[in-house]
Amino acid sequence: MKLVKFITIFFTILVSFSTQADECKKFNEKVLSIPIPDDGLVTDGQQSRNDLGLFFHKNYRFEKNDIKINRNKDNYPIIKISFLEDAIPHNSPIISINGIDLSNQTDEQILGLNNSNFALVKTLDNSYNIIAKEYDLYPFDLEYFTINAIDEIKTKEGEFLVDYNFQVSHERPDWIEAGREIGNFTICPVDDLINSTQIYSPVTYEPGSILKQIGFDQDKSFGTYDQVYYEKFDKTFTRSTLSGVARIKADFDLKKFPFDTQILKLELMPPYPIEFNDENIYPKPYISVFNPRKNVFIDLEKYKNFNYLKEWRIESVSVDNEIDVQSNISQFDRENLVLSIYDKINISIKVDRNTNYFVFKIIIPVFLILAIAWSVMWIPPNQVESRLTTSIVALLALIAYNFVFNEDLPKLSYLTSLDRYILLSYLFCAIPTFLTIYFSRLTKKDYNIALSVNKKSRLLGIIIYGITTTVIFSI
């Protein structure tokens with residue numbers, strides 16, 4: 001009986017693989033049979049549009065599990081980019097379109113107004129006339145971004161390591177007929193297909209070309225490229241699934257070290273700039289947008305709640321689009337400098353340093369050594385030898401202890417809060433020695449005056465030290 005069951009399962013799997021192979025073969029054949037256009041430009045999944053070219057910032061709402069247009073405090077939508085009227089500043093709130101107040105409009109109604117043939121668009125500062133124009137849209141989606149681990153946050157070197165896994169998809173309406181050859185739950189690899197000169201797939205890139213990084217482990221970086229068809233929507237997508245360990249450069253601000261908060265930023269670039277139609281080489285203007293999907297937000301929230309960081313605590317995570325403007329040499333004229341504008345996705349992880357190590361291993365021991373040095377202020381001023389011995393030993397102990405924890409401090413061109421605290425402690429550790437020398441002369445003239453000055457000095461010193469320390473760690 002078990003043998004029959006095993007044979008049944010085996011043949012079921014065999015037939016399944018055979019069916020998948022047939023579907024993928026038919027898909028490949030249909031894609032390769034698509035004729036190359038007369039202009040010689042191989043299609044790469046563009047979608048023809050004819051509208052006002054207004055694209056808005058969007059964000060995910062956890063409480064309702066949806067993605068909506070970002071709005072300001074007055075409920076006006078925030079523009080990401082105005083493709084046809086580039087005079088409209090990025091991130092500007094749009095007040096009205098053709099006199100219609102957008103604060104009272106739903107997202108669907110706003111997107112409907114974008115389909116107008118002509119519009120008067122009003123911002124807080126100006127008004128713009130926009131005439132609809134035909135262009136090609138290249139939408140790319142970040143389907144998910146999973147952080148398996150963040151390791152080695154090296155604030156001294158200004159970098160950190162991230163173990164990642166993410167997927168970028170790109171709809172291919174030009175491959176819809178070929179996509180229909182694929183079963184609804186079939187995934188077809190396109191590794192061999194993309195080597196053909198008859199097609200071009202913009203998402204089949206190495207991880208380093210999408211995730212901005214200064215280095216990655218080649219042995220731990222993997223990429224798979226496939227094609228899927230969704231029968232429910234009658235759409236076909238090329239997907240690039242990438243994983244690995246990347247080294248990310250970060251501009252850490254350590255002025256408040258060790259009570260500092262840092263931003264770990266992951267920057268993901270789309271395959272195309274927003275428009276790179278240099279020398280009008282393409283028949284129509286085009287826009288490339290890069291949008292995060294719901295799973296990106298959900299996966300990052302999971303990482304926030306379940307991570308293995310020891311030295312840091314994750315305070316918040318955020319995902320947003322940023323318009324990144326870069327100056328590049330034209331690929332058609334090497335003497336010409338052009339602007340490339342990218343719709344970049346930023347994943348920002350705000351982390352707070354766990355300060356217990358620095359408090360218990362540095363700040364408290366330094367304070368105790370300083371307290372010993374300052375305790376000589378309770379020794380009579382005429383006992384010069386006892387006072388000098390105690391204060392100098394304490395000062396030497398502070399200098400020696402500084403060598404012990406010196407490797408834990410970042411070497412920077414500016415002073416951190418901890419650096420200022422240590423310098424302050426050196427100063428107040430040395431003051432009792434100077435005062436003792438002064439009192440040794442003063443006691444010979446009038447011992448009562450020396451007692452009075454000593455009493456006032458120790459009280460004033462404690463007050464000044466307390467206020468200065470508070471200021472150091474609060475600014």
Side-chain angles (χ1 to χ4, degrees), residues 153-156 158 250-264 309-316 348-381 387-388 390-439 450-475:
I153 302 178
K154 301 177 180 179
T155 51
K156 297 179 187 179
D251 184 17
F252 293 124
D253 183 359
L254 298 174
K255 290 185 177 66
K256 293 187 177 182
F257 173 85
F259 300 98
D260 53 325
T261 297
Q262 303 297 342
I263 303 293
L264 308 180
L309 291 176
K310 299 299 181 184
E311 190 180 344
W312 301 85
R313 179 182 63 85
I314 296 181
E315 182 177 318
S316 63
S348 300
I349 304 170
K350 188 177 182 180
V351 293
D352 289 332
R353 191 189 300 271
N354 292 327
T355 59
N356 288 349
Y357 172 84
F358 299 96
V359 170
F360 292 110
K361 295 294 183 68
I362 298 179
I363 295 177
I364 291 179
V366 167
F367 175 77
L368 291 176
I369 294 173
L370 176 61
I372 293 172
W374 201 255
S375 67
V376 303
M377 301 297 290
W378 277 263
I379 299 176
R387 289 173 63 119
L388 282 177
T390 304
S391 60
I392 291 175
V393 168
L395 180 59
L396 292 175
L398 182 58
I399 294 173
Y401 191 66
N402 185 63
F403 284 101
V404 173
F405 62 74
N406 191 53
E407 288 301 318
D408 295 326
L409 305 180
K411 280 70 174 175
L412 304 168
S413 60
Y414 56 86
L415 295 178
T416 67
S417 294
L418 189 57
D419 291 330
R420 291 192 291 268
Y421 171 75
I422 292 170
L423 287 174
L424 178 71
S425 299
Y426 272 119
L427 175 62
F428 274 81
C429 202
I431 286 175
T433 302
F434 299 137
L435 287 176
T436 297
I437 296 172
Y438 169 70
F439 291 146
L451 281 174
S452 177
V453 173
N454 182 73
K455 184 177 180 179
K456 292 178 181 178
S457 296
R458 70 191 182 198
L459 179 60
L460 184 62
I462 292 173
I463 293 173
I464 294 175
Y465 179 81
I467 293 174
T468 308
T469 301
T470 302
V471 171
I472 283 174
F473 287 121
S474 61
I475 60 175

Parallel, tilted or perpendicular, as decided by the 30° and 60° cut-offs, for the rings of F257 and F358: perpendicular
Contacts of type side-chain contact (heavy atoms from CB on, under 4.5 Å), residue F434, not counting sequence neighbours: A430
Axial cation check for F405 ring with K361, 6.0 Å and 45° limits: no
Atom pair OG/OH of S425 and Y401 - distance to nearest 0.5 Å: 12.0 Å
Stepwise side-chain contact (heavy atoms from CB on, under 4.5 Å) check, F367 with T469: CA-CA 11 Å; F367 175 77; T469 301; over 6 Å; no
Value rounded to 0.5 Å, distance of CZ in R387 from CG in N454: 4.5 Å
Residue pair V359 / P365: nearest heavy atoms and the distance that separates them: O-CD, 4.1 Å
Side chain to side chain, L423 and L427, heavy atoms closer than 4.5 Å: no
Mutual orientation of the aromatic rings belonging to Y465 and F428 [parallel < 30°, tilted 30-60°, perpendicular > 60°]: perpendicular
Interatomic spacing from CG in L459 to CD1 in I463 - rounded to 0.5 Å: 4.0 Å
Main-chain N/O of D253 paired with Q262 side-chain donor or acceptor, under 3.5 Å: yes
For the student: nearest non-hydrogen atoms of K156 and L409, plus distance: CE-O, 3.7 Å
Closest heavy-atom pair and its distance - S391, P432: CB-CB, 4.2 Å
Test applied, side-chain contact (heavy atoms from CB on, under 4.5 Å); reference residue, Y426; option that passes from V366, L395, L370: L395
Over 12 non-hydrogen atoms of neighbours within 6.0 angstrom of NZ in K411: yes
Between OG on residue S457 and CH2 on residue W374, distance to nearest 0.5 Å: 7.0 Å
Test item: R313 side-chain N/O and D352 main-chain N/O as donor-acceptor pair under 3.5 Å: no
Short side-chain to backbone donor-acceptor contact, S316 and I349, under 3.5 Å: no
Euclidean distance, K455 NZ relative to L451 CG, rounded to 0.5 Å: 10.0 Å
Minimum heavy-atom distance I372-T390, with the two atoms named: O-CG2, 3.8 Å
Test applied, side-chain contact (heavy atoms from CB on, under 4.5 Å); reference residue, T436; option that passes from L388, I379, I392: L388
Expected output: side-chain D419 to main-chain T416 donor-acceptor under 3.5 Å: yes
Non-hydrogen side-chain atoms of Y421 and I362 separated by less than 4.5 Å: no
Chi angles and distances behind the side-chain contact (heavy atoms from CB on, under 4.5 Å) call for L309, I153: CA-CA 10 Å; L309 291 176; I153 302 178; 4.2 Å; yes
Taking every non-hydrogen atom, the tightest pair across L254 and R353: CD2-NH2, 3.8 Å
Least distance between heavy atoms, T261 atom then K350 atom: CG2-CE, 3.4 Å
D251 side-chain N/O to G158 backbone N/O, donor-acceptor pair under 3.5 Å: no
From CZ (R420) to CZ (F473), nearest 0.5 Å: 9.0 Å
